[in-house]
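Comments concern the structure below.
Note that these values count all heavy atoms, side chains included, but never hydrogens, waters or copies made by symmetry.
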Amino acid sequence: NYNNTVTGSQTASAESGSVAFNLNATGDLPGMLNLTLKHEGGNVNGGTWKLTVLPPNADATSSEAGTITGSFSGGTITIDANGVVTGASSVQLSVQSGTGQYQAVNSGSGTLGLSADAENSTKLSGPLALSF
């Protein structure tokens with residue numbers, strides 16, 4: 001089991017039935033999490049994600065340790081009147097493949113939760129748990 005905290009922001013509108021995020025991950029698998037969630041009426045019904053894992057104590061010259069990719073199979077998101085996601089709960093991740101240090105990874109699961117920062121609703125953070 002790998003536990004991370006992710007922080008970042010929405011990068012594309014939720015009104016088209018999908019929403020994109022760029023999130024920084026800290027914890028057991030530090031790096032960058034890029035995701036696109038597909039949804040209908042606040043229910044997550046698909047999408048893809050990619051976690052680019054960096055080595056511990058990475059700096060600007062560090063190479064990635066590898067990537068882990070997958071899809072979404074459920075959960076809910078909350079969207080405000082302006083089309084901005086203010087939260088996500090019980091979002092279910094399927095782990096499908098990996099590269100580099102994670103090239104042997106071909107299955108697994110995970111959960112993601114996000115909540116908006118009280119002072120800046122465009123900043124989101126929450127737990128990411130993966131098992132593979």
Short side-chain to backbone donor-acceptor contact, [X] and [Y], under 3.5 Å:
X      : Y      : value
Gln92  : Ser90  : yes
Asn1   : Ser131 : no
Asn4   : Leu29  : yes
Asp117 : Ser121 : no
Gln10  : Ala12  : yes

If every non-hydrogen atom of [X] is compared with every non-hydrogen atom of [Y], which pair is closest and at what distance?
X      : Y     : value
Lys50  : Thr67 : CE-CG2, 3.6 Å
Thr122 : Ser9  : O-CB, 3.3 Å
Ser73  : Ser94 : OG-OG, 4.2 Å
Asp28  : Asn3  : OD2-N, 2.7 Å
Ser71  : Gln96 : OG-NE2, 3.2 Å
Val44  : Thr76 : CG2-N, 4.1 Å

Q: Carefully, step by step, assess Val19 and Lys38 under the rule side chain to side chain contact (heavy atoms under 4.5 Å, CB included).
A: CA-CA 7 Å; Val19 58; Lys38 294 184 189 288; over 6 Å; no

What about [X] and [Y], same hydrophobic cluster or not, with Ile/Leu/Val/Met/Phe/Trp/Tyr joined at side-chain heavy-atom distances under 4.5 Å?
X      : Y     : result
Met32  : Val91 : no
Leu114 : Tyr2  : yes
Leu33  : Leu54 : no

Q | Asn57 atom CG, over 12 foreign heavy atoms within 6.0 Å | A |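 Not more than 12 within 6.0 Å, no.
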
Q: Decide if atom CD of Gln103 counts as having more than 12 heavy atoms of other residues, nucleotides or ligands within a radius under 6.0 Å.
A: no

Q.
I'd like to know whether Phe72 forms a side chain to side chain contact (heavy atoms under 4.5 Å, CB included) with Leu93, so could you lay out the CA-CA distance, the side-chain angles of the two residues, the decisive distance to 0.1 Å, and finally the verdict.
A. CA-CA 5 Å; Phe72 295 102; Leu93 292 78; 3.7 Å; yes

Q | Step-by-step side chain to side chain contact (heavy atoms under 4.5 Å, CB included) determination, Val84 to Ile79 | A | CA-CA 5 Å; Val84 176; Ile79 303 169; 6.0 Å; no

Q: Would you mind telling me which of Leu128, Ile68, Asn34, Leu37 makes a side-chain contact (heavy atoms from CB on, under 4.5 Å) with Trp49?
A: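 Exactly one option meets the side-chain contact (heavy atoms from CB on, under 4.5 Å) with Trp49, and it is Ile68.
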
